[in-house]
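This is a predicted model, so every value here is computed, not measured.
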Amino acid sequence: MSNDILDRLARTLEARKQADPQSSYVAKLYHKGLDAILKKIAEEAAETIMAAKDGVREKIIYETADLWFHSLVLLAQQGIRPDEILDELARREGLSGIAEKASRATSGKEQA
């Protein structure tokens, strides 16, 4: 079920690339460019942190949904499909965080 919603959102976000910025919030973000999308993600991350500190479950869910949504906008803008992220999460499943971080350091994926 979760993959279904991600696939539907990905298709919608892709379609919004062709939409009129006056008629679509996402099209407006795309039109403004990467910096606007990144600023929105940072804003939503801060709101998620604040909601978590408040400890109100409904606010955490709402703000996390906003954060995930705007992260999906970024992925679409960059030409990355949600299943690519899910594949990476699946690859990491069962790895300890310490081992996974060490593998990035040795493969050059991690930047200091």
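Between Leu6 and Leu86, some side-chain heavy-atom pair lies under the 4.5 Å cut-off. Taking 4.5 Å as the limit, some side-chain heavy atom of Leu74 sits within range of a side-chain heavy atom of Gln77.
Taking all atoms of both residues into account, the shortest heavy-atom contact from Ala27 to Ala19 is CB-O, 3.6 Å.
Here the CG-CG distance, from Leu13 to Leu72, works out to 6.5 Å after rounding to the nearest 0.5 Å. Note that the CG atom of Leu75 and the CG atom of Leu9 stand 11.5 Å from one another [nearest 0.5 Å]. The line from CD1 of Ile41 to CZ of Phe69 is 11.0 Å long, rounded to the nearest 0.5 Å. Atom CE of Met50 sits about 12.5 Å away from atom CD1 of Ile60, to the nearest 0.5 Å.
Counting only distance, with no hydrogens or angles, the side chain of Thr12 and the backbone of Arg8 share a donor-acceptor pair below 3.5 Å.
Screening residues 67-85 for salt bridge (Lys or Arg N to Asp or Glu O under 4.0 Å) gives Arg81-Asp83, Arg81-Glu84 as the qualifying pairs, with residues at least two apart or on separate chains. Residue pairs meeting the ring-ring contact (aromatic ring centres under 6.0 Å, His included) criterion with at least one member in residues 27-65, sequence neighbours excluded, do not occur. Evaluation of the salt bridge (Lys or Arg N to Asp or Glu O under 4.0 Å) test over residues 30-43, restricted to residues two or more places apart or in two chains, returns Lys40-Glu43, Lys40-Glu44. Listed by first and then second residue, the salt bridge (Lys or Arg N to Asp or Glu O under 4.0 Å) pairs that reach into residues 56-67 are Asp54-Lys59, sequence neighbours excluded.
Hydrophobic clustering keeps Ile5 apart from Ile61 (ILVMFWY residues linked when any side-chain heavy atoms are closer than 4.5 Å, directly or through intermediates).
Scored by the ring pair (Phe, Tyr, Trp, His ring centres under 6.0 Å) test, Tyr25 finds His70 as partners (sequence neighbours excluded). Judged as a side chain to side chain donor-acceptor pair (under 3.5 Å), and not counting sequence neighbours, the contacts of Glu14 are Lys17.
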